[in-house]
4 protein chains.
Amino acid sequence: MSSPAPRRPRDGGQPPRGRPRSRAAEDAILKATLHLLRRKPLCEITADAIASRAGVSKATIYKWWLNKNRVALDAFLSEMREPSPIPDTGSTLCDFVEQLKAATRFYAGPDGRVLRQFLAEGQGDAEFLAVVRERFQQPRRRALRVLWDRGLARGDVRPDVDFELVLDLIFGPMVYRLLGRHNPLTDAAAEAIVRTVFQGVACDPMPPAP
Amino acid sequence: MSSPAPRRPRDGGQPPRGRPRSRAAEDAILKATLHLLRRKPLCEITADAIASRAGVSKATIYKWWLNKNRVALDAFLSEMREPSPIPDTGSTLCDFVEQLKAATRFYAGPDGRVLRQFLAEGQGDAEFLAVVRERFQQPRRRALRVLWDRGLARGDVRPDVDFELVLDLIFGPMVYRLLGRHNPLTDAAAEAIVRTVFQGVACDPMPPAP
Amino acid sequence: MSSPAPRRPRDGGQPPRGRPRSRAAEDAILKATLHLLRRKPLCEITADAIASRAGVSKATIYKWWLNKNRVALDAFLSEMREPSPIPDTGSTLCDFVEQLKAATRFYAGPDGRVLRQFLAEGQGDAEFLAVVRERFQQPRRRALRVLWDRGLARGDVRPDVDFELVLDLIFGPMVYRLLGRHNPLTDAAAEAIVRTVFQGVACDPMPPAP
Amino acid sequence: MSSPAPRRPRDGGQPPRGRPRSRAAEDAILKATLHLLRRKPLCEITADAIASRAGVSKATIYKWWLNKNRVALDAFLSEMREPSPIPDTGSTLCDFVEQLKAATRFYAGPDGRVLRQFLAEGQGDAEFLAVVRERFQQPRRRALRVLWDRGLARGDVRPDVDFELVLDLIFGPMVYRLLGRHNPLTDAAAEAIVRTVFQGVACDPMPPAP
DNA sequence: CAATAATCGAGACGGTACGTCTTGTCTTGGC
DNA sequence: GCCAAGACAAGACGTACCGTCTCGATTATTG
């Protein structure tokens with residue numbers, strides 16, 4: 001869904017009573033948060049800074065969001081362009097290469113910096129991590145299913161490999177680099193990862209798993 | 001040296017003057033920190049808690065460590081068993097499977113919980129992340145070189161694949177799961193990852209990268 | 001008029017337009033405020049609490065009253081019984097004793113608790129203090145004039161003493177006790193005060209003031 | 001006592017451990033509070049304002065004082081000159097007149113403004129009121145005992161009148177005026193009050209209380 | 001054995017963010 | 001035009017933690 005996830009989403013069917021929630025305030029909050037997210041690490045952004053930059057009361061923030069991480073996540077997702085369109089080059093390998101290249105550029109840029117912070121915050125806040133998964137990671141992973149299914153249909157890829165495993169094999173190394181910073185996030189690396197995942201590192205065909 | 005990295009290591013050649021550093025205090029600090037690390041997330045551990053549990057002054061902590069994350073890292077590393085001995089089953093694939101299984105059990109246990117916190121803290125503190133890399137990740141990665149080299153010597157694995165890439169392909173998916181919590185950290189997953197990395201996901205032999 | 005002092009009294013001559021002011025709302029507000037006044041100190045009563053207990057919007061409160069202190073004052077005065085009837089025992093002293101006893105019982109009871117709060121709030125809000133004076137204190141003081149005049153007519157009391165001074169001499173000590181809580185608010189104290197004010201504390205007749 | 005009343009007074013006999021409390025911080029806090037007390041009503045003074053003006057952390061304030069009222073009381077008492085010396089004119093009446101005049105000037109000036117606020121705050125905080133009584137009111141009341149005793153020794157005043165009652169008769173009217181603002185706080189009023197308390201308002205000697 | 005020097009425990013300190021609370025105003029739609 | 005509902009800006013509250021500091025006591029080496 002394109003709507004942000006307010007703390008108390010409108011769900012009942014009855015007509016809303018009272019003064020309606022101010023879109024202006026919400027927009028200002030998200031905009032201010034984005035502005036700050038682009039300039040400093042999440043852990044250095046304060047609720048007061050968001051409020052004052054947005055010209056908004058802190059209470060308004062805490063009324064609609066559980067904490068500043070949730071605000072930041074909503075801000076981040078609100079500016080997300082559509083996930084890069086699923087490529088269709090005719091080659092499953094090339095499709096995944098394109099996909100991982102796109103992801104890598106994303107990771108390597110300012111958005112990647114923010115994503116790292118989200119994953120970091122998620123390590124101490126399981127609920128937040130789950131939300132990041134649901135709202136950022138899973139939609140993108142699910143979208144790739146068609147790519148894999150196309151490969152299966154074409155006979156490009158092995159039908160005995162779990163799709164979840166494939167995703168982790170392809171994105172895991174890059175996420176590992178995103179967080180560990182021990183190796184570069186480049187197009188070349190993306191291509192090498194996908195090619196190797198497709199081809200394997202063994203010299204000869206392997207015996208099937210027991 | 002395997003000793004912890006004090007803030008101001010004694011390095012000059014002249015004999016130390018004044019009261020020598022108290023080993024007892026250092027041990028108490030590390031022990032107290034470990035105790036707390038096992039019970040709560042790093043971000044909820046306070047320097048005061050460490051000091052009071054160790055029966056030590058906070059100043060003593062900050063005299064020898066830059067901040068509490070560094071204390072925690074030292075405490076964590078001080079109790080690290082020797083990295084699991086490099087297996088030698090005769091099969092490179094099996095060696096890597098064993099290795100990833102060991103790592104997975106580590107990740108899945110209490111130490112993994114702590115490691116996640118370190119990676120998380122590292123996202124907002126590049127210097128700390130670098131230290132985690134140097135003192136935890138790199139030694140373990142380097143140790144695996146022999147494994148890969150054995151495989152190369154045997155002709156088990158493709159010589160055109162970068163070793164750094166291999167490590168990321170094998171450990172990346174599991175680290176991704178460690179941090180993303182979207183898929184389980186099991187022996188079976190470890191085995192599937194390594195087998196698939198070796199064999200590839202493509203049906204047919206792929207053309208070599210250009 | 002004995003009606004409460006609304007923020008915007010209807011005073012123009014033109015017939016009111018639109019929906020008339022709801023008596024029910026006003027009554028509910030005063031009733032709810034009284035309920036709360038009996039249970040907790042004024043400074044702990046919030047406008048929200050009044051509104052929600054009255055089933056009324058906060059805006060309605062602020063539409064008709066300047067602030068919650070004014071609401072509380074109106075609520076307090078609305079339940080005031082008629083000021084105790086001016087006694088006429090034949091003795092001016094006894095009349096004042098009866099009067100101060102009645103006041104003392106008032107001060108010592110729940111109403112006294114509320115009155116203390118009003119005086120307290122008045123210390124930081126001169127306008128409010130003035131209203132308390134006008135609507136509570138002055139009517140009661142004025143009513144006692146007849147008592148003093150009767151005493152003068154009878155020759156019971158000295159004609160050279162200012163009536164304002166007398167009131168302060170008689171009620172001041174008790175108000176002092178009400179606010180300072182250093183001495184009890186009892187009938188005995190009331191009687192002692194009045195008797196001593198009448199008789200004086202000096203042993204011998206004093207020379208008149210110059 | 002001349003020492004302020006810290007939240008945790010030094011009481012044990014053991015030598016103090018750790019960094020000693022900073023006199024400079026305490027002085028700065030009291031000085032800043034006084035500065036603010038002279039410029040605005042107590043209820044408009046914030047802990048943040050005191051802290052920032054004193055160049056002190058808010059935590060330091062809350063470490064030593066229960067709340068800002070207590071800080072203000074300490075600040076107020078710290079600048080109190082010695083209570084005006086007990087006069088000895090030879091006439092008990094004149095002594096009391098001088099005393100009440102001094103008090104009246106005090107009440108009518110900036111200190112009186114502050115004292116009013118303390119009494120006001122005390123109405124919603126019994127503990128605070130008790131402290132105000134103990135540290136401000138009672139010492140001053142006790143000091144007047146000698147005055148009354150001198151009067152008794154001289155035979156100036158009636159021995160059957162309770163001293164507590166006398167104090168309330170003399171100071172009550174003025175405190176009443178201080179808080180009610182219905183009559184002026186002047187030297188003339190002070191003199192009239194004392195003379196009338198001494199002489200009584202009745203025309204003739206009264207019959208003794210039954 | 002005294003002087004020197006560095007460490008230690010204790011704990012106060014300045015700074016800063018937190019998330020909550022209350023006030024009084026404003027904005028809807030319904031009556 | 002009045003109302004209930006309730007969102008809103010403003011800003012104080014008291015708490016928590018960080019990393020630094022100050023103190024007196026302790027424990028070594030050096031003279």
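Just so it is clear, the model here is predicted, and its values are computed rather than measured. Here is the naming used below: chain letters follow the sequence lines, and residue numbers restart at 1 for every chain.
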Does OP1 or OP2 of E:dG9 have a side-chain N or O of B:Thr60 closer than 4.0 Å? yes
Is a salt bridge present between C:Arg116 and C:Glu121, judged by a nitrogen-to-oxygen distance below 4.0 Å? no
Here the distance between atom P of E:dC18 and atom CD of B:Glu44, to the nearest Å, is 16 Å
For B:Phe128, enumerate each residue passing the ring pair (Phe, Tyr, Trp, His ring centres under 6.0 Å) test, keeping only those at least two apart in sequence or located in another chain. B:Phe118
For nucleotides 11-13 of chain F, list the nitrogen or oxygen atoms of the protein found under 3.5 Å from its nitrogen or oxygen atoms, one pair per line.
unit_1, atom_1, unit_2, atom_2, d
F:dC13, OP2, D:Ala47, N, 2.8

Using a 4.5 Å cut-off on heavy atoms from C-beta on, say whether the side chain of A:Thr33 contacts that of A:Ile45. no
Verify the contact: side-chain N or O of D:Trp64 to OP1 or OP2 of E:dC13, cut-off strictly under 4.0 Å; return yes or no. yes
Would you say that B:Leu42 contacts B:Asn69 through its side chain, given a criterion of any heavy-atom pair below 4.5 Å between the two side chains? yes
B:Asn67 CG to F:dC17 P, in whole Å, measures 16 Å
Between D:Cys43 and D:Lys68 the two heavy atoms that sit nearest each other are CA-NZ, 4.3 Å
Going by modelled atom types, is there a donor-acceptor pair between the base of F:dC21 and the side chain of D:Arg19 at under 3.5 Å? yes
Taking atom P of F:dG14 as reference, at what distance in whole Å does atom CZ of D:Arg70 sit? 13 Å
Could you state the atom-to-atom distance from CZ of A:Arg23 to C1' of E:dT27 in whole Å? 16 Å
Find the distance C:Asn69:CG to E:dT22:C1' and express it as a whole number of Å. 13 Å
Just the rounded figure in Å: distance from C1' of F:dC8 to CD1 of A:Ile29. 10 Å
salt_bridge(D:Glu127, D:Arg70) N-O dist < 4.0 Å: yes
Quick one: is C:Lys63 getting a side-chain N or O under 4.0 Å of the F:dC3 phosphate, OP1 or OP2? no
Assert: residue with more 5' nearest nucleotide on DNA chain E, out of C:Cys43 and D:Val56, is D:Val56
Shortest non-hydrogen contact from A:Asn67 to A:Tyr62? CA-CE2, 4.3 Å
Map D:Gly18 and D:Ala54 onto DNA chain E by nearest heavy atom, then report which one ends up closer to the 5' terminus. D:Gly18
Rounded to the Å, how far apart are A:Trp65 CH2 and E:dT20 C1'? 18 Å
Between atom CZ in C:Arg53 and atom C1' in F:dA5, what is the gap in whole Å? 19 Å
DNA chain F: D:Pro20 or C:Gly55, which has the more 5' nearest nucleotide? C:Gly55
